[in-house]
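A short write-up of the structure that comes next.
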Amino acid sequence: MQTLAQKGDVYNSLHFFDMLRIMPGKPSIYDYNAMLNCYLKSSNVCLNGMNLLQLEMRRVGLCPNVLTFSTLLKGLSIVGEARVGLGVVLEMCDYGFVPSFSCLASLFRRFLDKVELGDAISVLELMLGFGYVPTEPKAILLISSLCSRGMIQDACFVFFKLLGKGYFQRPYFYNPILWSLCKSDQIGGLLAFFCCLEKKGLVYNTCSYTALVYGLSKKGLFREAYGCLKIMEGDSGCYPNVKTYTTIIKGLCEYGRIKEALGLLGKMEKTGCDPDIVTYNIVIRALSNENMLNEIYELYESLHQKGLVPDRYTATAFSGLLKRGSLGIARTLLQDIFLSDIDLDVAVYNVYLCSLCHAREPQELSSLVRSMIKNGIEPNNITFNTILKGFCEEKTLDEALEFFEHVDWPGKRPDSVSFNTILSAACKMGDSRMVQKVVDLMDGEGVKLNVVGLTCLMQYFCNVGKFDDCLKVFEHMIIYGPLPSVVTVNTLMVYLCKNHEVETAYWVLRNLKRYGLLPDSRTYNILLRGAKSERKFLLVAELQRKLRMGVNQTASF
DNA sequence: CTAGGGTTAG
């Protein structure tokens, strides 16, 4: 019987097992355990075999002992059936046996490796119930995996569970939670969590404070962010570092407060916290978007003087210059990086391709794509969407469509940006035939028009004078979705102003909040222009007042 | 062992 089991022949082994029943008291649980043990030595052990054995054990009415369970768990671990293993552990507990630390720890590890986090939490709870403590790296891994998958609630649950047992009070455990709360825009949750840590007397480190600075900057709450910086610079023992300053500089750039960002950059240099290439790249990107050439030159110079070397992110930081028409400068700077020996990647090539498109050199596009492939860099959908855009601007839309339909899309299929690129071109040109073609194409591919595509259509209807249809699209979006974006709203505003309906536009503006929409400064400026040209001075004054107050007064937390 | 950066469409 054991020989057969060892060979993996469960079926025939069980046959002999059954034959033992002619002897009193046989087969016993010891025979069963021995057979199971032999089976695990077989080279073709599998879940099915173990299932068969278990069924047989139940059929002949054997009551498992602790060895039965541990052998079974060993087998399940061999075949990698962690979830079945968890079931066996639970059954084992029902029988009153205590699973060993190593058995639970190994299950825990397995679930972490397979990113089956719910099961990992179940195992952790079992472990804590038996007084077992997971290793520190694995506990951190669980919390950070939960966070990176957006399961912040579960991460908190795990953290407080461990904290309640008196384990793991160091920042490495809760910093991932702080950061993911910030990244998912839960500033209220962040502050609540901070208060909670404070009450429990836990000690932060610089990374924890930086999370707070990040969350506040992201919301535009710079006064509060500076306050946090002050506390850090005081006697917190967590002096701000390059990452802290860079975080706030990034926030300032995103809110268009570039002067302030430059000021902070200067402060870093003065206080001996030297900015690194990441800091510079962020500022260069913001300057590029504003086409602030002199400042870019200055920064570019000073980073070289500091011995810093531009990298792939520096190259992509120049992309704003392309949009703002500083083509020659952008190409010089890009070429400078292209000819250096830094590692390039697909994003850098894509920006370079974009510069070729703007330079109206479509014949060079394919040779650049060939050279990127030769250098081992795979083009992605962005690569081809960039080329498609170039075609739309340079050639006829039929030729662009030809490219669209015959190119071997890297993502196996064009994405919504691909469709919108060509749809947008057709809409701008008022090319009804092409608009219809693209809409049909999307229909055939089962791709729904998204907010960008629908905004294009609104523009199209305005272009061809079908104003009612433009409004209908907007209404449709309000009622059925997708929710219009601020660009959609601005498109509508432009249309209303063009149509001498500034008062209506203002009415829409005041009602935006009811639909969950927010205007931006461009919305106000569009209206302001419209009101001025219609000589509606009361409205002009009103709009100017609102602009001065700040368009959307930052909600306080 | 936790933290800061980029490219396509409206």
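Note that these values count all heavy atoms, side chains included, but never hydrogens, waters or copies made by symmetry. Below, read A as the first sequence line, B as the second, and so on, with proteins coming before strands; counting in each chain starts at 1. Being a predicted model, the structure only gives us computed values, none of them experimental.
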Inset, instruction - Using a heavy-atom cut-off of under 4.0 Å over every strand shown, decide if A:Asn490 touches base, sugar-phosphate, or nothing. - result: nothing
Inset, instruction - Return the nearest nucleotide to the side chain of A:Arg170; candidates are B:dG4, B:dG10, B:dC1. - result: B:dC1
Legend entry - A:Asp398 side, atom CG; A:Asp431 side, atom CG - distance, nearest 0.5 Å: 7.5 Å
Inset, instruction - Look at the side-chain N and O atoms of A:Lys428 and state whether any lies under 4.0 Å from the OP1 or OP2 oxygen of B:dG10. - result: yes
Legend entry - Below 4.0 Å: OP1/OP2 of B:dG4 and any side-chain N or O of A:Lys183: yes
Legend entry - Between A:Phe391 and A:Phe384, ring centroids under 6.0 Å: no
Inset, instruction - Using atom CZ of A:Phe391 as one end and atom C1' of B:dT8 as the other, report the distance to the nearest whole Å. - result: 15 Å
Legend entry - Sequence neighbours excluded - side chain to side chain donor-acceptor pair (under 3.5 Å) pairs with any residue from residues 469-480 of chain A: none
Inset, instruction - Just compare B:dA3, B:dG6, B:dG4 and give me whichever is closest to any side-chain atom of A:Thr246. - result: B:dG4
Legend entry - side chain to side chain contact (heavy atoms under 4.5 Å, CB included) against A:Lys165, all qualifying residues, sequence neighbours excluded: A:Leu128, A:Tyr167
Inset, instruction - To the nearest Å, give me how far apart CG (A:Leu216) and P (B:dA3) are. - result: 19 Å
Inset, instruction - Name every residue in residues 248-276 of chain A that has at least one heavy atom under 4.0 Å from any atom of DNA chain B, in order of residue number, or write none if there are no such residues. - result: A:Lys250, A:Asp276
Legend entry - Residue pair A:Ser485 / A:Thr488, side-chain donor-acceptor N/O under 3.5 Å: yes
Legend entry - Donor/acceptor link under 3.5 angstrom from A:Thr314 side chain onto base of B:dG6: no
Legend entry - Distance-only donor-acceptor check, side chains A:Asn350 and A:Thr386, under 3.5 Å: no
Legend entry - hbond_proxy A:Asn205 side chain to B:dA3 base (donor-acceptor, 3.5 Å cutoff): no
Inset, instruction - Return yes when atom NZ of A:Lys114 has more than 12 non-hydrogen atoms of other residues, nucleotides or ligands closer than 6.0 Å, and no otherwise. - result: yes
Legend entry - Between A:Ser144 and A:Tyr172, a side-chain donor and acceptor under 3.5 Å: no
Inset, instruction - Just call it for A:Ile282: base, sugar-phosphate, or nothing, with non-hydrogen atoms closer than 4.0 Å on any strand. - result: sugar-phosphate
Legend entry - Contact list for residues 315-337 of chain A, test ring pair (Phe, Tyr, Trp, His ring centres under 6.0 Å), sequence neighbours left out: A:Tyr300-A:Phe318
Inset, instruction - Could you list the residues that satisfy salt bridge (Lys or Arg N to Asp or Glu O under 4.0 Å) with A:Lys218, not counting sequence neighbours? - result: A:Asp185
Legend entry - Close approaches to DNA chain B from residues 438-453 of chain A, in residue order (heavy atom, under 4.0 Å): A:Asn450, A:Val451, A:Val452
Inset, instruction - Check ring-ring contact (aromatic ring centres under 6.0 Å, His included) between A:Phe111 and all other residues, then give those that pass, not counting sequence neighbours. - result: none
Inset, instruction - Identify whether any heavy atom of A:Thr383 sits under 4.0 Å from a base atom; if not, whether one sits that close to sugar-phosphate; answer base, sugar-phosphate or nothing. - result: nothing
Inset, instruction - Compare the minimum distances between each of B:dT7, B:dG10, B:dT2 and the side chain of A:Tyr172, then state the nucleotide with the smallest one. - result: B:dT2
Inset, instruction - Taking only the side-chain heavy atoms of A:Ser319 (C-beta and beyond), determine which of B:dT7, B:dG6, B:dA9 contains the nearest atom. - result: B:dT7
Inset, instruction - Keeping to residues at least two apart or across chains, list the side chain to side chain donor-acceptor pair (under 3.5 Å) pairs with something in residues 253-273 of chain A. - result: A:Tyr226-A:Glu260, A:Glu233-A:Lys267, A:Lys250-A:Glu254, A:Arg257-A:Glu260, A:Glu269-A:Tyr280, A:Glu269-A:Lys306
Inset, instruction - Run the numbers on A:Leu142 and A:Leu117 for side chain to side chain contact (heavy atoms under 4.5 Å, CB included), then give the verdict. - result: CA-CA 7 Å; A:Leu142 175 59; A:Leu117 302 180; 4.1 Å; yes
Inset, instruction - Decide yes or no, distance alone: a donor-acceptor N/O pair under 3.5 angstrom between the base of B:dG6 and the side-chain of A:Asn350. - result: no
Legend entry - Sequence neighbours excluded - salt bridge (charged side-chain N to carboxylate O under 4.0 Å, His left out) pairs with any residue from residues 321-339 of chain A: A:Arg331-A:Glu361
Inset, instruction - Strictly below 4.0 Å, heavy-atom distances to any atom of DNA chain B: list the hits from residues 458-482 of chain A, or just say none. - result: A:Gln459
Inset, instruction - Could you work out which one of B:dT7, B:dG10, B:dG4 sits closest to the side chain of A:Val487? - result: B:dG10
Inset, instruction - Could you please name the option among B:dG10, B:dT2, B:dA3 that lies closest to any side-chain atom of A:Cys456? - result: B:dG10
Inset, instruction - Between B:dG4, B:dA9, B:dT7, spot the one nearest the side chain of A:Val417, thanks. - result: B:dA9
Inset, instruction - Establish whether the base of B:dG4 is bridged to the side chain of A:Thr244 by a donor-acceptor pair shorter than 3.5 Å. - result: no
Inset, instruction - Kindly state which residues belonging to residues 145-156 of chain A come within less than 4.0 angstrom of DNA chain B, counting heavy atoms of the residue only, listed by number. - result: none
Inset, instruction - Pick base, sugar-phosphate or nothing for A:Thr247, based on heavy-atom distances below 4.0 Å to the nucleic acid. - result: sugar-phosphate
Legend entry - Distance-only donor-acceptor test, A:Thr488 side-chain atoms vs B:dG10 base atoms, 3.5 Å: yes
Inset, instruction - If a pair satisfies salt bridge (charged side-chain N to carboxylate O under 4.0 Å, His left out) and one of its residues is in residues 141-161 of chain A, list it, with sequence neighbours excluded. - result: A:Glu125-A:Lys161
Inset, instruction - Among B:dT7, B:dA3, B:dT8, find the nucleotide with the atom closest to the side chain of A:Arg285. - result: B:dT7
Inset, instruction - Would you mind telling me which of B:dT2, B:dA3, B:dG6 lies closest to the side-chain atoms of A:Thr206? - result: B:dA3
